[in-house]
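Below: one structure, written as structure tokens.
Residue numbers begin at 1 in each chain, while the letters A, B, ... track the order of the sequences.
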Amino acid sequence: MSKSIFQRPKGTADLLPDQTAQWQHVESVARLLFGDYNFKEVRTPIFENFDVFSRSAGDTSDVVTKEMYDFHDKGDRHVALRPEGTAGIVRAYVENKLFGPEFDKPYKVFYMGPMFRYERPQAGRFRQFHQIGVEAFGSNAPALDVEIIAMAVDFFKILGLKNLKVAINTLGDRESRDAYRQALIDYLTPHKAELSVDSQERLDKNPLRVLDSKDPRDQVFVADAPSILDYLSDEATTHWQQVKALLQALAIDFEIDTTMVRGLDYYNDTIFEIMTVDENLKGAATIAGGGRYSGLVSEFGGPETAGFGFGIGVERLINLLNAHDVAPKVNHDLDFYIVNIGIATDLVATQIVQSIRSFGYIAERDYLARSAKAQFKTADRQHAKYVVTIGEQELANHTAKIKNMTTGQQKLVKLADLYTDLPTIIDSEGDEQ
RNA sequence: GCGGUAGUGGUGAAGUGGUUAACACACUGGUUUGUGGAUCCAGCAUGCGAGGGUUCGAUCCCCUUCUACCGCCCCA
């Protein structure tokens, strides 16, 4: 009957205690593991000057042209909620001069938090979603590419995921990419009329995107399209070979997918995605994606600096964990529940519950002056291990009853003992069994 | 931005153009007045997403809108 007047904004979610426990687990695993790889956490603003994103993502990308959650603030500044993590990190890297000689290279950071994209919500797609991501600046080494991919694989493994596919590809350097782009245009243009309408447009704007098309009409041609691998420069080839060799050395299974491209324009050389092979989750199959980029730091006014990073979609990850039934079991059980009977016991009930909490136990009491039966029901529902009962009788005698809810045994203790020796009382109680 | 499906209480849901909107779960109270997972009893939607319209009358028909889910685009 009470119809709420307000609804959460489209494409957002409320995370309630059952879910936040799982989120905390995922986040703490990330902090721990990334720390092992010597990545440090950074926190940058959730909104930035609009140009930070448009500059980095490329003016033609969909993220910039139609998915930006942007607005003008009261000072008429054009700002946008961050659609991804990298741009803000790069901005901070340059603004704080983290490229300076006093900082070790590569400079390795991770972040986690909400991202925003103005688009239609659907499977695995939200307007506010969360990413856990990493960036490493200042090294071109293939070993860095591979270590970071290995870290992502490690992360999912620790969380209990199996059957993941690591897909990799290379976009080569600028020279390679330009050559390939031209080759692709030369190959596709004669067939332009036979392509899907979308791909005809892609051919003009961003030919590599045609490779990504799911339209059967396009896939016919994609199957026989030239491969980027045939257009790599010597340098790009060396990098690519080394990445593959290192992945094999670490026994990481991977698939080379030469049709894989990235949504943002700044990538070069190694790119990768980690996805589930579960057909039921195809709409949200990709849970992590990233790769090597260059030009971004200089674009923001810093020295030419290489970067490598990835982002993990937390909602998709958690969805996958639940689908594979590898979510950790959350325990909201109480250690103690304080049953208080009669208004006169209110004061001492508070003292008892506080005292129990001070020992580090999880304790709750009744605040509604409910019947003893009702209070016990609540204690039972919350799986309290022990119930402490205080009524008029006990109050007068400065005692309380402690009941072990699994054995049903109950004993009388002095309040003074309860306040000072509760752990001992519980231990000896256990010994009696 | 485009297309499809849906919207009944705290939850899962049944239902019909016409006096009191099933059932189940959950919850609250009771079942000798201070003790828990069982049984039994009782209570629990002036309301069927919101706003209009058609009609003597609409939760059920029509329109609009909002939201969710799914697909396209794109992406995590």
Side-chain angles (χ1 to χ4, degrees), chain A residues 1-13 57 60-68 82-86 112 114-133 152 196-199 201-202 206 209 212-215 260-264 273-276 280-290 310-320 334 337-342 345 366 368-395 401-410:
Chain A
M1 78 183 208
S2 61
K3 174 62 48 188
S4 55
I5 303 169
F6 296 115
Q7 299 178 301
R8 60 178 176 264
K10 190 187 191 62
T12 63
T60 62
S61 73
D62 276 41
V63 170
V64 170
T65 55
K66 55 181 219 188
E67 292 175 2
M68 201 73 97
R82 62 185 185 190
E84 50 89 32
T86 303
M112 50 186 73
M115 306 292 163
F116 305 83
R117 253 116 104 158
Y118 195 90
E119 62 181 338
R120 268 301 261 287
Q122 56 189 279
R125 205 84 67 82
F126 308 93
R127 286 191 171 178
Q128 176 176 337
F129 62 103
H130 297 74
Q131 285 190 352
I132 297 175
S196 67
V197 180
D198 285 332
S199 283
E201 199 176 321
R202 291 188 187 106
N206 191 346
R209 286 231 147 282
D212 214 21
S213 174
K214 295 172 202 83
D215 194 308
M260 181 170 70
V261 295
R262 302 259 71 212
L264 302 167
E273 285 186 9
I274 298 179
M275 59 200 86
T276 176
N280 300 322
L281 300 165
K282 57 181 161 56
T286 301
I287 55 175
F310 68 76
I312 294 168
V314 181
E315 280 83 358
R316 290 184 180 185
L317 169 59
I318 285 179
N319 185 244
L320 202 57
L334 291 177
Y337 191 89
I338 300 12
V339 169
N340 55 103
I341 304 151
T345 62
D366 176 80
L368 306 174
R370 294 150 75 220
S371 69
K373 181 189 179 76
Q375 295 188 49
F376 266 88
K377 272 192 172 177
T378 300
D380 187 54
R381 198 179 323 129
Q382 300 202 41
H383 303 115
K385 295 189 193 69
Y386 297 94
V387 169
V388 174
T389 307
I390 177 90
E392 310 283 349
Q393 191 77 42
E394 294 80 4
L395 187 62
K401 284 175 179 157
I402 298 182
K403 180 169 185 175
N404 180 321
M405 294 296 276
T406 50
T407 67
Q409 289 181 333
Q410 182 167 267

When the [atom1] atoms of [M] and [N] are compared, how many Å lie between them, rounded to an integer?
| N | M | atom1 | result |
| --- | --- | --- | --- |
| B:G36 | B:A21 | P | 37 Å |
| B:C74 | B:C62 | P | 36 Å |
| B:A38 | B:G15 | C1' | 33 Å |
| B:G18 | B:C60 | C1' | 12 Å |
| B:G10 | B:A26 | C1' | 7 Å |
| B:C69 | B:U28 | P | 31 Å |
| B:U39 | B:A45 | P | 24 Å |
| B:A14 | B:G49 | P | 14 Å |

Quick one: the side chain of A:Arg117 and the base of B:A76, do they pair up donor-acceptor inside 3.5 Å? yes

Which value, rounded to the nearest 0.5 Å, describes the distance between A:Ile312 atom CD1 and A:Leu317 atom CG? 6.5 Å

Who pairs with [X] by side chain to side chain contact (heavy atoms under 4.5 Å, CB included), at least two apart in sequence or on another chain?
| X | value |
| --- | --- |
| A:Glu119 | A:Glu67, A:Arg117, A:Arg125 |
| A:Ile341 | A:Val339, A:Ala372, A:Thr389 |
| A:Gln382 | A:Leu334, A:Thr378 |

Is there a side-chain polar atom (N or O) of [X] under 4.0 Å from OP1 or OP2 of [N]?
| X | N | value |
| --- | --- | --- |
| A:Arg120 | B:G71 | no |
| A:Arg127 | B:U67 | no |
| A:Arg370 | B:U28 | yes |

Scan nucleotides 32-39 of chain B nucleotide by nucleotide, 5' to 3', and note B when protein non-hydrogen atoms come under 4.0 Å of the base, S if they reach only the sugar-phosphate, - if neither. --BBBB--

With sugar-phosphate meaning primed atoms plus P, OP1 and OP2, does A:Glu119 contact a base, only sugar-phosphate, or nothing at under 4.0 Å between heavy atoms? base

Could you check whether A:Gly290 gets within reach of a base, just the sugar-phosphate, or nothing at all, counting any heavy atom under 4.0 Å? nothing

A:Met68 has an atom CE; how far is it from atom C1' of B:C75, in whole Å? 14 Å

Applying salt bridge (charged side-chain N to carboxylate O under 4.0 Å, His left out) as the test, list every pair that has at least one member in residues 372-387 of chain A; sequence neighbours left out. A:Asp335-A:Lys385

Applying side-chain hydrogen bond (donor to acceptor under 3.5 Å, both in side chains), can you list everything that pairs with A:Arg202, at least two apart in sequence or on another chain? A:Ser199

Can you name the residues that form a salt bridge (charged side-chain N to carboxylate O under 4.0 Å, His left out) with A:Arg370, not counting sequence neighbours? A:Asp366

The criterion is salt bridge (charged side-chain N to carboxylate O under 4.0 Å, His left out); which residues satisfy it with A:Glu394, sequence neighbours excluded? A:Lys401

Where does RNA chain B form stems of at least three consecutive Watson-Crick or G-U wobble pairs, each pair having both distances below 3.5 Å? B:1-7 with B:66-72, B:10-12 with B:23-25, B:27-30 with B:40-43, B:49-53 with B:61-65

